[in-house]
Amino acid sequence: MNIFRGIADFSHLAAIIILLHKIWKSRSCAGISGKSQILFAIVFTTRYLDLLTSFISLYNTSMKVIYISCSYATVYLIYMKFRATYDGNHDSFRVEFLVVPVGGLAVLINHDFALLEILWTFSIYLESVAILPQLFMISKTGEAETITTHYLFCLGLYRALYLFNWIWRFYFEGFFDMIAIVAGLVQTVLYCDFFYLYVTKVLKGKKLSLPA
Amino acid sequence: SQELLRHDEL
């Protein structure tokens with residue numbers, strides 16, 4: 001494991017925990033897209049089915065289990081426990097426009113035409129666009145709580161660091177995975193606009209609000 | 001194998 005992978009994984013974990021903690025402490029999921037969180041739960045579930053077929057390391061297994069559990073806990077808090085605070089009217093992104101094309105692409109472009117491989121590929125493609133409902137919600141309401149922007153920053157940082165991880169692995173291990181790299185690039189690009197706002201506004205102590 | 005290398009990532 002290289003330094004980029006290490007920091008990326010913990011940045012990802014930080015993002016997940018920041019979100020859970022925010023919802024739990026404020027007893028509210030206002031401003032959070034439940035749809036993005038459901039997509040992330042689907043991403044983890046379909047990707048980590050390999051927990052049942054192969055053991056890689058204690059670190060690998062623990063992180064996968066933590067990611068899956070936290071994502072389900074988040075969905076539970078949004079749709080069950082704090083349902084009254086869920087802002088469904090603003091969470092109006094049509095997820096079928098993501099899931100259906102991504103499913104089709106996973107069937108067409110994959111490493112091996114086998115169920116687990118197709119589900120793994122599906123999860124990679126889906127993860128690259130899963131944040132769109134959340135970004136759409138922010139663009140619709142024109143603002144985001146600062147803690148929500150920290151969550152998004154950690155999530156974007158995780159993906160950006162994975163790009164460095166892949167460059168590292170290509171040079172030092174001769175390993176690269178085209179599906180993950182292309183999807184990772186797409187995912188990172190989606191965060192660029194947000195990164196700009198985060199650096200120019202949030203880090204200067206201002207609230208993230210978009211011009212009307 | 002390549003497959004295991006991929007599944008090592010999270």
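Chain identifiers are assigned alphabetically (A, B, ...) following the order of the sequence lines, protein sequences preceding nucleic acid strands; residue numbering begins at 1 within each chain. Bear in mind the structure is a predicted one, so any value in this text is a computation, not a measurement.
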Pair A:Tyr86, A:Phe82 - check ring pair (Phe, Tyr, Trp, His ring centres under 6.0 Å), show working. CA-CA 7 Å; A:Tyr86 170 58; A:Phe82 303 126; over 10 Å; no
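- Proximity to chain B involves both the backbone and the side chain of A:Asn60, based on heavy atoms less than 4.5 angstrom apart.
- Contacts with chain B were tallied for A:Tyr67, A:Tyr48, A:Phe44; A:Tyr48 has the most, counting heavy-atom pairs under 4.5 Å.
- Under the 6.0 Å cut-off for aromatic ring centres, A:Tyr162 and A:Tyr158 qualify, their centroids lying closer than that.
- Residues A:Trp166 and B:Glu9 bring a donor and an acceptor atom of their side chains to less than 3.5 Å of each other.
- Between B:Arg6 and A:Glu117 a salt bridge is recorded (basic side-chain N to carboxylate O distance below 4.0 Å).
- Of the two parts of A:Phe55, neither the backbone nor the side chain holds a non-hydrogen atom closer than 4.5 Å to a non-hydrogen atom of chain B.
- For a residue to count as touching a neighbouring chain, one of its non-hydrogen atoms must lie under 4.5 Å from one of that chain's; by this rule A:His111 touches chain B with the side chain only.
- Neither the backbone nor the side chain of A:Asp112 comes within contact range of chain B; no heavy atoms are under 4.5 Å apart.
- A:Phe113 approaches A:Val107 most closely through the heavy-atom pair CE1-O, 3.6 Å.
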